[in-house]
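Read through the structure below, which is laid out as structure tokens, and then see the notes.
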Amino acid sequence: MGTGKAELCATPDGRPLYRNLGFVESVDVTRYSAARGTARLPSWPNVREYVPSDWASISQLDIDAYGADRSALLMTLIGRARGVHVAESSGRVVGYGISWKNYPGLVIGPVVAETMDLGLQLISSCVAGCPEISQIDLCTSSPGIKSWLEKAGFLRGDRLPLMTLGSCSSPAPGNQAWIQALASPALC
């Protein structure tokens, strides 16, 4: 048998089955949501709307964060997006956030930024003026964002851990600290 690695997003009902098959929880993901118009978030001066000339910068940021080329996923999400925002510092794109429609409302993510503060600014910009229910999926590495979302009116929801079968000993590729929010646990 090979030494590969398989990873999946486990629902509460599926976790016992996957544990019996040898999967272990590797990343803890928590879903947060805000009802229509309940989130109270400020706007930020160094975040602006995405323009097509930003593509190379956000694609490279994503590769640097995830350690893999996810450009097909990003292009699909941008095509479905309600909004795409970029954060700039000294004239350089240092983060991006995408909000896209999915039942029952708006999904915020992915959000990739060089710092948590930039991530908060991008999340805020993605949610601004949103009349729908907003949902965002965060990893355990985002405690500051979690408390910020709760203060802004988001409610903690389901825990949807990623489970891994195979070698977990090597570190994840990319700069995981830049991943502020996921597109979805199933899409990471």
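By convention here, the first residue in the shown sequence is residue 1.
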- Specify the closest pair of heavy atoms between L138 and A181, including all atoms of both residues, with the distance to one decimal. CD2-CB, 3.8 Å
- Query: Less than 4.5 Å apart, any side-chain heavy atom of V84 and any of W100?
  - Reply: no
- Message: Measuring only between side-chain heavy atoms, which start at C-beta, is W55 closer than 4.5 Å to Y50?
- Response: yes
- L160 reachable from L182 in the ILVMFWY side-chain graph, under 4.5 Å edges: no
- Item | Interatomic spacing from OG1 in T30 to CG in L149 - rounded to 0.5 Å | 11.0 Å
- Message: Are L61 and V93 packed together at the side-chain level, in the sense that at least one heavy-atom pair is separated by less than 4.5 angstrom?
- Response: yes
- Derivation and outcome, side chain to side chain contact (heavy atoms under 4.5 Å, CB included), residues L165 and L21: CA-CA 8 Å; L165 177 65; L21 293 172; 5.9 Å; no
- Query: Would you call T115 and Q180 a side-chain contact if the rule is heavy atoms closer than 4.5 Å?
  - Reply: no
- Message: Using every non-hydrogen atom in the two residues, find where A87 and V47 come nearest and quote the distance to one decimal.
- Response: CB-CG2, 4.2 Å
- Task: Examine distances only and state if a side-chain atom of D54 and a backbone atom of V51 form a donor-acceptor pair shorter than 3.5 Å.
- Result: yes
- Treat each ILVMFWY residue as a node, draw an edge where side-chain heavy atoms are under 4.5 Å apart, and state whether L73 and I179 are in one component. yes
- Item | Whichever hydrophobic residues join L118 through chains of side-chain contacts under 4.5 Å | V94
- Note on the structure: So SG of C126 and CD1 of I108: to nearest 0.5 Å the spacing works out to 5.0 Å
- Message: I need the minimum non-hydrogen distance between V127 and S134, along with the two atoms involved.
- Response: CG1-OG, 4.2 Å
- Task: Kindly write out the residues that satisfy side chain to side chain donor-acceptor pair (under 3.5 Å) with Q135, not counting sequence neighbours, or none if the list is empty.
- Result: none
- Message: So, taking the atom named CG in L106 and the one named OG in S33, what distance separates them when rounded to the nearest 0.5 Å?
- Response: 12.0 Å
- Message: With a 4.5 Å cut-off on side-chain heavy atoms, are H85 and R48 touching?
- Response: no
- Partners passing salt bridge (charged side-chain N to carboxylate O under 4.0 Å, His left out) against E25 (at least two apart in sequence or in another chain): R19, R159
- Verify the ring-centre separation between F154 and Y32: is it less than 6.0 angstrom? no
- Query: D69 and S71: side-chain hydrogen bond (donor to acceptor under 3.5 Å, both in side chains), yes or no, with the steps?
  - Reply: CA-CA 6 Å; D69 184 354; S71 57; 2.9 Å; yes
- Gap separating the NZ atom of K146 from the CD1 atom of I136, nearest 0.5 angstrom: 11.0 Å
- Listed partners of D62 passing side chain to side chain donor-acceptor pair (under 3.5 Å), at least two apart: R70, Y96
- For the residue pair I98 and P110, establish whether any side-chain heavy-atom pair is separated by less than 4.5 Å. yes
- Item | Residue list, side-chain contact (heavy atoms from CB on, under 4.5 Å) with L120, at least two apart or on another chain | M116, D117, I145, W148
Under 3.5 Å, sequence neighbours excluded: what are the donor-acceptor pairs made by side chains of residues 74-81?
from, atom 1, to, atom 2, distance (Å)
T76, OG1, A72, O, 3.0
R80, NH2, K101, O, 2.9

